[in-house]
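Within every chain, numbering begins at 1; the chains are lettered A, B, ... in the order of the sequence lines, protein sequences first and strands thereafter.
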Amino acid sequence: VTSDLEDRLRSFYNDRTAHLPPEPEMLPTEPFAGSTTVFAMDGKRRPPRRVAMVSAAAVVLLGAAAAVGATIIRDGRTNGSASSVATDPSASLLDRLLYPAAPTSSGIHVVVGPDLGDAATALVSAPDGSIFRIVVNNAAGFETTPDVPTQEHNNRTYTVEDASGSRFYRSLDQCAEIGVFQSGSTPAWNADATAVLDGLEVVGQTATLTLPPGWTSHGAGVAQTPVQISFSAQLDNASRQVSLMQIPNTNVAAVMIGDEPLVQATFDGHLAWTRDGAVHRSLYWQDGDTAVSLVSTEASSTELQQVASELERNHATDLAGHITSFDPQPSGTLPPDAPRSDATCGTPQLSVTVS
Amino acid sequence: MDSDEAGNRLSDLYRRERAGLVRVAYLLTNSLSASEEIVQDAFAALQTTGSLVAKPAAYLRTSVVNACRSYHRHRVVVERHPVQFVEAEDPQHDELFDALNALPWRQQAALVLRFHVDLPEADIADILGCRPSTVRSLTRRALATLRKALT
């Protein structure tokens, strides 16, 4: 019976897609020419629906890009005039961001967004060094995970799964999805994990984590709009493509996207965290109020540290002529996710208290 | 890799993968315009991430399925409210179509990736962000539900 049904499914899918063109309707004449023609692939221009989603941070960066003479392209429209972009009302924010070192960097590409405001994050470590990344998401649209072990902690049901070498504890109700990543393949529900899960008090989308003495909080709060700068860094004998992501006014956990294990380290005299994943190497740290990540598939962890040590703040002068493109979030024409249930659930919040 | 080389590689990828990705998106959204837009966005995102992506075809597939999920989530919400959003396209409404659309989204995705794209369980697991055993479970449950609905 199953075989018949599988065959019927295959036929159904083939029939359903039979009317679709077998090849792209129009191949681009100059596909991906340079790095600025983001929307030229099918010859069609899409309505700039997501432009409205570009946040205040984008306005700030537009001002910055204009200031350094960059060409700003949105949905194929070019705007290179400094006078036609919003004036920067908070230049001090720019001064808090780090930038590639101009003499040793090229192909600089700046992307702002997408807005991460539907989530709150925190990073804590146990007395034995075990690292936990905690994420509070708006629950709208999430589904429960079937066939995984569960336990009750602080009036919530948590599931546990393996996730790329980390333990992933998860709880979902009508308001919030609580995700707790414990780095490393530790036994499920071990004492450290239990301390975190028992310490999480969740009301609506507001989570408060209270931890016993000896634990360390490395920051908690709402994720904001990221600024991502991709560039090629020239090291001693080779160039390495890296991606620098910064989120002002948030905690370092917000940039730790992914679930591979984190390792605490010291970088340039400061606390940092690294990931040596199957594909990417990553370095994360907190630069004042700004969460920073450097990610690369090409650079080693040592090389990432070298790139990080050469980042600088003098963007206005040193970056002139080096920025090759500046796009608002380019993949932004999808319908927005489910609206938040603000009335009953609030918005994602997360705070940490160590007793 | 310079920009010309990157552009050529992306161009090849676009020629090779676009039609198949649109089909996957269409089966998961039932909207051709949304599918084309989703695939377009996936390529745009790939171009932005550039050489950070080690397996671009897999990245595209995952991007498209994730975007279809976002689309699906939005539709679920929209359909709860009296807002005109769903396109007036003409899907082949038959009992299998209705039964498939009644399945939870992850089960729908697992079936499309297994029986239309013919991906192995491990690849489907990567796309759906779960274990291969979960893919087996999703597929098994989906087929059981379909069998029940079609008898």
Holding to side chain to side chain contact (heavy atoms under 4.5 Å, CB included), I want the full list of residues that pass it with A:Asp276, two or more places apart in sequence or in another chain.
A:Arg281
Got A:Leu9 and B:Leu146 here, is their nearest side-chain heavy-atom distance under 4.5 Å?
yes
Could you walk me through whether A:Tyr13 and B:Val117 satisfy the side-chain contact (heavy atoms from CB on, under 4.5 Å) test, starting with their C-alpha distance in whole Å, then the side-chain angles of each, then the deciding distance to 0.1 Å, before giving a yes or no?
CA-CA 10 Å; A:Tyr13 289 142; B:Val117 190; over 6 Å; no
The criterion is side chain to side chain contact (heavy atoms under 4.5 Å, CB included); which residues satisfy it with A:Arg10, sequence neighbours excluded?
A:Glu6, A:Asp7, B:Arg114, B:Phe115, B:Asp118
Heavy-atom cut-off 4.5 Å, strictly under: side chain, backbone, both or neither for B:Arg106 against chain A?
both
Just so I understand: if I count every heavy-atom pair under 4.5 Å between each of B:Val22, B:Leu138, B:Leu27, B:Thr139 and chain A, which residue has the most?
B:Leu27
How are the rings of B:Phe97 and A:Phe12 set relative to one another: parallel (under 30°), tilted (30 to 60°) or perpendicular (over 60°)?
tilted
Are the side chains of A:Glu161 and B:Thr134 in touch, meaning some heavy atoms are under 4.5 Å apart?
no
Measure distances from B:Leu150 to the heavy atoms of chain A and classify the residue's part below 4.5 Å as side chain, backbone, both or neither.
side chain
What residue among B:Val112, B:Leu96, B:Asn30 forms side-chain contact (heavy atoms from CB on, under 4.5 Å) with A:Arg16?
B:Asn30
